[in-house]
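Below: one structure, written as structure tokens.
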Amino acid sequence: MPPQDETGTEIETGLPSAPGDAPALVPRLLPARPRAAVLILHGGREFGHRPSRPWHLAALRMHPFLWSLAAELRGQDVLLARVRYRLQGWNGPHADPVPDTHRALSRVAELAGPVPTVLVGHSMGGRAALRAAAHPGVSAVLALAPWCPPGEPVEQLAGRRLVVLHGERDHVTSPGDSAAYVRRARDTATHAGMALVGGGDHAMLRRHTLWHRTATAAVAHLLDPDSIPDPLPAESYRATDGFPVL
């Protein structure tokens with residue numbers, strides 16, 4: 001694949017494009033020598049065996065995050081890409097977005113070598129990002145309104161950083177489930193924190209500017225935690241009952 005010229009144009013990876021064999025990685029920024037990577041994982045459905053398409057609403061909702069991150073990361077030698085799923089749904093024990101994410105991470109390794117990678121996932125994509133954290137390339141996960149059912153594993157977060165943002169008024173996925181997940185993850189992850197978006201909904205449309213700004217700042221911090229300030233309050237990483245509201 002030719003290097004991205006940093007105009008922001010998405011490019012394909014040159015792999016087969018048949019519906020069941022489409023490339024799992026669609027870069028937005030591809031520097032000649034990436035030092036790190038950020039992958040975006042959109043939401044989906046609990047069950048759905050139809051092909052996932054880039055014009056579906058769940059995928060389109062993540063475009064503003066891609067634009068904001070591209071503006072922040074351009075010129076910083078960070079590969080920025082979205083993960084393309086084969087199917088729309090999680091589909092029970094198949095957890096279909098997870099192998100798609102592994103395929104995308106393997107492609108990152110082919111293009112950039114063993115660079116630290118931050119996964120940014122919304123809803124079902126948040127669950128997939130958390131599961132895929134077991135991949136050796138993953139250094140951190142930013143989960144946006146993630147789907148975290150009780151019993152979701154946390155062991156794969158060992159040595160990783162975790163940040164969760166969840167809308168206070170989310171009626172699709174549970175802020176309480178996310179909070180319980182973060183508390184359990186603290187025994188495993190290097191750091192695990194959470195903040196609520198006051199008045200925020202599942203689609204991240206209410207207070208969208210805050211969602212985009214905070215997510216972008218959180219990714220910058222996760223890429224360079226020693227130099228870039230954390231946009232979340234310190235209580236996000238200490239709270240045992242209620243988490244701070246932004």
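If you read the sequence from its start, that first residue is 1, and numbering goes on from there.
Considering all non-hydrogen atoms of both residues, L39 and L41 come closest at O-CD1, 3.6 Å. Residues L223 and L73 come closest through the heavy atom pair CD1-CD2, 3.8 Å. Scanning all heavy atoms of the two residues, the minimum distance from A158 to T188 falls at N-CG2, 3.2 Å. Of all heavy-atom pairs spanning A185 and L157, the tightest one is CB-CD1, 3.9 Å. Between L119 and A132, the closest heavy-atom pair is CD1-CB, 4.0 Å. Between S178 and H166 the shortest heavy-atom distance is OG-ND1, 2.8 Å.
Looking only at side-chain heavy atoms (C-beta outward), L29 and R74 come within less than 4.5 Å of each other. Using a 4.5 Å cut-off on side-chain heavy atoms (C-beta onward), L111 and L25 make contact. Side-chain contact between V163 and Y237: present, with at least one pair of heavy atoms (C-beta onward) separated by less than 4.5 Å. At a threshold of 4.5 Å between non-hydrogen side-chain atoms, the residues L69 and V78 do not count as touching. When side chains are defined from C-beta on, P244 does not count as touching L232, because their heavy atoms never get closer than 4.5 Å. Within the 4.5 Å cutoff, the side chain of E168 has no heavy atoms near those of the R207 side chain. Counting heavy atoms from C-beta on, the side chains of R213 and P231 never come closer than 4.5 Å. The shortest distance between side-chain heavy atoms of F243 and V164 does not fall below 4.5 Å.
S139 places a side-chain N or O within donor-acceptor distance of the main-chain N or O of T117, the cut-off being under 3.5 Å. Although no hydrogens or angles enter the test, the distance criterion places no donor-acceptor pair under 3.5 Å between the side chain of H94 and the main chain of D96. Judged by distance alone, the side chain of Y85 and the main-chain N or O of R53 form no donor-acceptor pair under 3.5 Å. With D100 contributing its side chain and R86 its backbone, the two residues share a donor-acceptor pair below 3.5 Å. Under a 3.5 Å cut-off, the side chain of D230 and the backbone N or O of A218 do not form any donor-acceptor pair. Remark: side-chain polar atoms of R183 are paired, donor with acceptor, to backbone N or O of D241 under 3.5 angstrom. Remark: the backbone N or O of L205 is paired with a side-chain donor or acceptor of D201 at under 3.5 angstrom. Judged purely by atom type and a 3.5 angstrom limit, R127 has no side-chain atom pairing as donor or acceptor with the backbone of P149.
Going from atom CH2 of W67 over to atom OG1 of T216 covers 13.0 Å, rounded to the nearest 0.5 Å. The CZ atom of R238 sits 10.0 Å away from atom CZ of R186, with the distance rounded to the nearest 0.5 Å. Rounded to the nearest 0.5 angstrom, H135 NE2 and H102 NE2 are separated by 6.5 Å.
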Open item on the list: Run the salt bridge (charged side-chain N to carboxylate O under 4.0 Å, His left out) test on D77 and R35 for me, step by step, so that the C-alpha distance in whole Å, both residues' side-chain angles and the decisive distance to 0.1 Å come before the verdict.
Closed with: CA-CA 6 Å; D77 294 327; R35 63 174 178 85; 5.7 Å; no
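The one candidate from V26, V120, V83 that meets the side-chain contact (heavy atoms from CB on, under 4.5 Å) condition with I40 is V120. H122 pairs with exactly one of H212, H42, H202 by the ring-ring contact (aromatic ring centres under 6.0 Å, His included) rule, that one being H202.
Applying the side-chain contact (heavy atoms from CB on, under 4.5 Å) test to D187 and every residue at least two apart in sequence or in another chain returns nothing. Scored by the side-chain contact (heavy atoms from CB on, under 4.5 Å) test, A215 finds F65, L142, L144 as partners (sequence neighbours excluded).
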